[in-house]
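FYI, side chains are in, hydrogens and waters are out, and symmetry mates aren't considered; it's all heavy atoms of this structure. So that the names make sense, note that chain A is the first sequence line, chain B the second, and so on, each numbered from 1.
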Amino acid sequence: GAVVSQHPSRVICKSGTSVKIECRSLDFQATTMFWYRQFPKQSLMLMATSNEGSKATYEQGVEKDKFLINHASLTLSTLTVTSAHPEDSSFYICSARDPSDYGYTFGSGTRLTVV
Amino acid sequence: ILNVEQSPQSLHVQEGDSTNFTCSFPSSNFYALHWYRWETAKSPEALFVMTLNGDEKKKGRISATLNTKEGYSYLYIKGSQPEDSATYLCSSLVTSGTYKYIFGTGTRLKVLA
């Protein structure tokens with residue numbers, strides 16, 4: 001089945017620095033990818049929808065200047081957390097539509113800790 | 001605000017026991033219900049997609065039912081095994097102009113050998 005590779009799986013960064021998270025579709029083309037965030041004991045929350053070749057669509061309350069999304073090719077979408085703060089510490093996960101069926105394929109997630 | 005709720009939040013069962021848990025979702029603007037199995041440090045694995053009221057799906061020892069009128073889905077595991085230990089996540093796909101997935105918080109299952 002379709003595979004989405006997400007890196008890094010875990011990152012610790014200093015407050016004020018930027019962190020880039022990558023999601024690659026390994027064996028299919030993903031024109032759209034979705035970025036989610038999950039705080040402890042809460043649901044996965046959609047942050048933004050990444051569209052290849054165009055601007056991402058952000059959910060209400062998500063700062064587009066802080067969470068930069070780039071989807072420059074059909075197999076790669078990146079999320080950059082700029083000027084990270086401790087409150088950005090969370091679990092970030094991406095997903096893409098699996099063209100072989102009705103479902104969505106997820107990356108393995110990135111645990112971000114900002115110290 | 002549309003919420004998807006799952007219960008229980010967590011449970012422990014003995015190997016061989018059968019178990020089930022619930023996903024409740026708003027029935028308005030409903031399009032599809034997804035169940036995922038999510039092991040720690042791995043990607044969520046799609047188990048089932050259901051769209052029609054009364055749908056039942058089965059995959060090995062795991063099955064699921066859907067009631068769109070009252071807004072709930074049950075996931076059943078028959079004869080639980082330690083390898084079934086995971087978080088079971090449901091999400092509702094709703095449509096009101098655009099499509100959007102709403103996730104529950106998951107049910108964390110631990111099967112004790």
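- Note on A/L44 and A/W35: separate hydrophobic clusters, where clusters join Ile, Leu, Val, Met, Phe, Trp and Tyr whose side-chain heavy atoms are under 4.5 Å apart, directly or indirectly.
- More than 12 heavy-atom neighbours from other residues, nucleotides or ligands sit within 6.0 angstrom of NZ on A/K66.
- A tilted orientation is assigned to the rings of B/W38 and A/F91, their planes being inclined by 30° to 60°.
- Taking the six-membered ring for Trp and the full ring otherwise, A/F34 and B/Y101 have centroids separated by 6.0 Å or more.
- Residue contact with chain B, scored on non-hydrogen atoms closer than 4.5 Å, is absent for A/Q6.
- For B/S43 (side chain) and A/S108 (main-chain N/O), a donor-acceptor pair under 3.5 Å exists by modelled atom type.
- Around the NZ atom of B/K100, the shell of radius 6.0 Å holds no more than 12 heavy atoms that belong to other residues, nucleotides or ligands.
- Taking the ring centroids of B/Y36 and A/F106, they lie under the 6.0 Å cut-off.
- Atom CZ of B/R61 is surrounded by more than 12 heavy atoms from other residues, nucleotides or ligands within 6.0 Å.
- Each of A/G107, A/S43, A/S95, A/G109 has some count of heavy-atom pairs under 4.5 Å with chain B, and the biggest count is that of A/S43.
- Within a 6.0 Å radius of CD in B/Q9, other residues, nucleotides and ligands contribute 12 heavy atoms or fewer.
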